[in-house]
2 protein chains.
Amino acid sequence: MEKQYSLNEIKSCPVEYILNINDTLNVLSGKWRLPIIGSVLYGKKRFTDIQRNIPKISPRMLSKELKELELNGVLVRKIHHTIPVLVEYELSESGKLITEVLDKMIEWGIQHRKAVLQKS
Amino acid sequence: MEKQYSLNEIKSCPVEYILNINDTLNVLSGKWRLPIIGSVLYGKKRFTDIQRNIPKISPRMLSKELKELELNGVLVRKIHHTIPVLVEYELSESGKLITEVLDKMIEWGIQHRKAVLQKS
DNA sequence: TATAGCACTATACTAAAGTATAGTAAATTG
DNA sequence: CAATTTACTATACTTTAGTATAGTGCTATA
């Protein structure tokens, strides 16, 4: 078993600090991750639904990003073995919590924009 | 004058929501941004100090990233017109607040790691 | 006078991320 | 029975991000 660190211990430990931030950044960075998460934020969606929500995404990119987000444990892919097959994507429990990070980002974004405007 | 939105209004408005998140993500993403911010987090540093903190960064990358972070208003570049010139980099007031976002990222990273481990 | 430190810049390159376009296989609709 | 929908995959390409290596102009030190 690996040692479990408390939040405070990790904050004072650069290596674990960086690992966790990178995990989170990996989920959010790239051109399409945020739009995809936004699309499934308020309920499960099908491939083409997401495609319609994000008009400029190619099916190749959508497929690729959905796969990675599923692999990361952020999205859950549900296959209904009906005829024809129906595939639905939704946020995992953990995926839903990413909104807390997003909210902090909005907060920082707003204050930063204000700060930058005041200087110029 | 542009209309100012409250945090709650922006949360319910996808466009402003996304803009602010992207601003924040732009400050944090890329291979070297986080290490650089980490290096100046506890006080101002000189070019070569940062380089020593991040052994694998090339001067080209460090110079490029420092410039962009300064342009974004996250870092402040201070030139001391001594002979020879001395240049110091430090986080702006707004830049210091990015730690709040980082803390949330650590929190999410830790809980996500646990969640993923429990499933496997 | 030679060597090293500081704060970079320039040029050329490779690797990763993203785009464009077409195609597949099964079923459904007119 | 031809066209459309769903959920993708394949191939080739371009763009962006990052690397490698060398060099600049200044000063300080041995």
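Below, chain A is the first sequence line, B the second, and so on; all start at residue 1. Values in this document were obtained by computation on a predicted structure and should not be read as measured data.
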**Message:** Closest-nucleotide mapping onto DNA chain C: is B/Pro59 or A/Lys64 further toward the 5' terminus? I mean the 5' end.
**Reply:** B/Pro59
**Request:** Examine D/dC8: is either OP1 or OP2 under 4.0 Å from a nitrogen or oxygen in the side chain of A/Ser63? Give yes or no.
**Result:** no
**Request:** Return no unless some side-chain N or O of B/Lys31 is found under 4.0 Å from OP1 or OP2 of D/dT19.
**Result:** yes
**Complete:** Considering only heavy side-chain atoms of B/Arg77, the closest of C/dA7, D/dT27, D/dA7 is C/dA7
**Asked** Picking from D/dG18, D/dT6, C/dG18, which would you name as closest to the side chain of A/Met61?
**Response** C/dG18
Base, sugar-phosphate, or nothing: which does [X] touch, judged by heavy atoms less than 4.0 Å apart?
{"X": "B/Leu62", "answer": "nothing"}
{"X": "B/Arg52", "answer": "sugar-phosphate"}
{"X": "B/Lys67", "answer": "sugar-phosphate"}
{"X": "B/Ser58", "answer": "nothing"}
{"X": "B/Pro84", "answer": "sugar-phosphate"}
{"X": "A/Arg60", "answer": "base"}

**Request:** Check for a donor-acceptor pair, side chain of B/Ser39 on one end and backbone N or O of B/Asn53 on the other, with a separation under 3.5 Å.
**Result:** no
**Request:** Kindly compute the distance separating CD1 (B/Ile36) from CD (B/Glu68), expressed to the nearest 0.5 Å.
**Result:** 10.0 Å
**Min side-chain heavy-atom separation B/Leu97-A/Trp108 under 4.5 Å** = yes
